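First comes the structure, then the notes that go with it.
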Amino acid sequence: MDKLLHVLFVEDCEDDAELLVRYLKKRGFKLTWDRVESAPQMKDALQRKPWDIVISDYAMPLFDGLAALRVLQETNLGLPFIIVSGTIGEETAVEVMKAGADDYILKGNLTRLGAAIERGLQDAQVRRERKQLQIQLAQADRMASVGMLAAGVVHEINNPLTYVIYNIESLVRELGAATRATARLRSAIGDELGKDKCDELVEQCGLARLQQRFENMQASARDADFGAERIRHIVRDLKMFSHIEEDVKVRVNLNEVIESAINMASNEIKYRAQLNRDFGNIPPVLASEGRLSQVFLNLLVNAAQAIDEGDVHGNSVSVRTWSDQGEVFAEVSDTGKGIPPGDLERLFDPFFTTKPAGVGSGLGLSICHNIVSAYDGEIGVSSDLGQGSRFTTRFPQAPQDEQRQAISQVPVVSPVEQTVTGTVLVVDDDVLIRRTLERVLGGTHDVHAVKSGSAAKELLSGGALFDVILCDVMMPHMSGVDLYEWVKQQNPQLAGQIVFITGGIFTPRAIEFFSQVENPQIEKPFDWDQLHTLVNAMVESG
């Protein structure tokens, strides 16, 4: 049976190219081929269609074999490259082999050409497999390191953000109360002394200025509270992205994942284009939130970078989601430069990039393709040069009976009126978190706070009993996981009263632990109403 071979000849003599074609056909190869004789022609041919091998003459008037080899190497296609020349000296042969050619053959003696092609194809396959392995290792390392870094940043931000938000919210409330009290005082003075004497006394005491200062401080505190809430949302989105190292499949809402990716990519988009959302009412898919967040963050950044700055209102990046017959679709489109037709087939190949050197590694879309495929999905692209591009992902809908295995969150409970004062133990290595929780819960409960799992263990070993234990997860020496396992051995019922509080879970052991336990988990920065409701409910039930 003829062996199909796509050959690109770099040859200035058409008769010599025809000679090689006839020879290879006699040796059992079925050829499709083309001939080029300059660097621009070669670059165009390599982009226009896929090839199996490049066979090049060495000496040509305006182009030589070494230059042709460099053109091929710049493409990162990994194709075998064979020199076939009328005359080539030993030193030149050594030079071309050192430069990366697979073999050299004299035109006057083609007997080794067939074997050289077979060997070159085999070597190229080995190189591709080795490169693919390197890509997979680089991808795993990159995802794990980025995820761990993001999770660590989230954890470090969430602790101070918790008490920053609480104290700002407290300032807003207290300053509002002070403003209202000042107004009532002024009104009472007026009722008692009359308007004229009241105005005189208010002026002497600076009461009017004090009231104005309270109002200004309250407005500033509200602005700070708004800024802190924005930070809370940014951290939430970063936390979702930080889970890229996890490969736990859960029921994921693509709309929420894409919204988080939009928030992270907004700085790339807002100076280039308008953002359009068209989110459908879609069922969940079975995947990892963090990995899908990486996919859509990559697609959104690519869409933005395909648009030149300077015409924000004339350009758009659009996101659309919909479902159809048990499948869920998400589309990211732009009005940018578009992609040349010759690049579309190679767009998801590792290390292929249309971006300038130093801007893109060529791994982003390859990683996206691998992630989507891992969840039984597909990703495709269509583009019109100069008009824009459209990337569409398709995922199967999550089975109805598939149970979410993500880390358990705080259960939804109805508000409970406070009728019983409980005893609450706070275990956290951050002194300001402990102080904040004592202040928040101390008005209705008897709160004890310790700075470590070891201190909590010592307290509980002495016979102390608590209705609720609020325990941080990530602590030095003895973590919240360690404390839970010890309590479970000593007092299984008390272990059920532990509520985990966390600014981020990023160790493999903690991730595995929380996929199995059913204890409530509440994340920093806290929703204070939710915290009160949960603690009150657990005190009542205990």
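The first residue in the sequence is number 1, and the count goes up from there. Please read these numbers as outputs of a predicted model, since none were measured by experiment.
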Q | Residue pairs, two or more places apart or on separate chains, that pass salt bridge (Lys or Arg N to Asp or Glu O under 4.0 Å) and touch residues 57-78 | A | Asp57-Lys107
Q) Which pairs with one or both residues in residues 333-342 pass salt bridge (Lys or Arg N to Asp or Glu O under 4.0 Å), sequence neighbours excluded? A) Asp308-Lys337
Q.
Please verify the inter-ring angle class for Phe296 with Phe395; under 30° counts as parallel, over 60° as perpendicular, anything in between as tilted.
A.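 If you compare the ring of Phe296 with that of Phe395, the planes turn out tilted.
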Q: Enter the distance from Phe81:CZ to Leu79:CG here, rounded to the nearest 0.5 Å.
A: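 That separation rounds to 10.5 Å.
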Q | From CZ (Phe29) to CG (Leu24), nearest 0.5 Å | A |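 Between atom CZ of Phe29 and atom CG of Leu24 there are 6.0 Å.
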Q: With sequence neighbours left out, write down each residue that passes side-chain hydrogen bond (donor to acceptor under 3.5 Å, both in side chains) with Ser389, or none if nothing qualifies.
A: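 If we apply the side-chain hydrogen bond (donor to acceptor under 3.5 Å, both in side chains) test to Ser389, skipping adjacent residues, the hits are Ser383.
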(Q) Testing the 3.5 Å rule here: is there a donor-acceptor pair between the side chains of Asp482 and Ser479? (A) yes
Q | Thr32 and His6: side chain donor to acceptor below 3.5 Å | A | yes
Does the [X] side chain pair with the main chain of [Y], one donor and one acceptor, at a distance under 3.5 Å?
X      : Y      : result
Ser266 : Asn263 : yes
Thr75  : Leu77  : yes
Ser323 : Ile282 : no
Thr393 : Ala330 : yes
Tyr23  : Leu110 : yes

Q.
Do Lys49 and Trp51 form a cation-pi contact, if we require the NZ or CZ to be under 6.0 Å from the six-membered ring centre and within 45 degrees of the ring's axis?
A. yes
Q. Counting only heavy atoms not in Asp278, do more than 12 fall under 6.0 Å of its CG?
A.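 Counting neighbours around CG of Asp278, more than 12 heavy atoms of other residues, nucleotides or ligands fall under 6.0 Å, so yes.
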Q) Sequence neighbours excluded, which residues qualify as salt bridge (Lys or Arg N to Asp or Glu O under 4.0 Å) partners of Arg390? A) Glu331
Q: Please name all residues satisfying salt bridge (Lys or Arg N to Asp or Glu O under 4.0 Å) with Arg277, sequence neighbours left out, ordered by chain then number.
A: Glu259
Q. Is it true that Arg127 and Asp102 have a side-chain N and a carboxylate O under 4.0 angstrom from each other?
A.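 Judged by the 4.0 Å cut-off on N to carboxylate O distance, Arg127 and Asp102 do form a salt bridge.
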(Q) What I want to find out is whether Asp12 reaches Arg35 closely enough, with some N-O distance under 4.0 Å, to be called a salt bridge. (A) no
Q: Mind jotting down which residue pairs meet the ring pair (Phe, Tyr, Trp, His ring centres under 6.0 Å) criterion with at least one end in residues 309-346? Sequence neighbours excluded, please.
A: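 Sorted pair list: Trp322-Phe329.
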Q) Can you name the closest pair of heavy atoms from Pro520 and Ile498 and give their distance? A) CD-O, 3.9 Å
(Q) What verdict does the side chain to side chain contact (heavy atoms under 4.5 Å, CB included) test give for Arg251 and Leu286, after you've listed the backbone C-alpha separation in whole Å, the side-chain angles of each residue and the deciding distance to 0.1 Å? (A) CA-CA 5 Å; Arg251 293 168 68 86; Leu286 204 59; 4.3 Å; yes
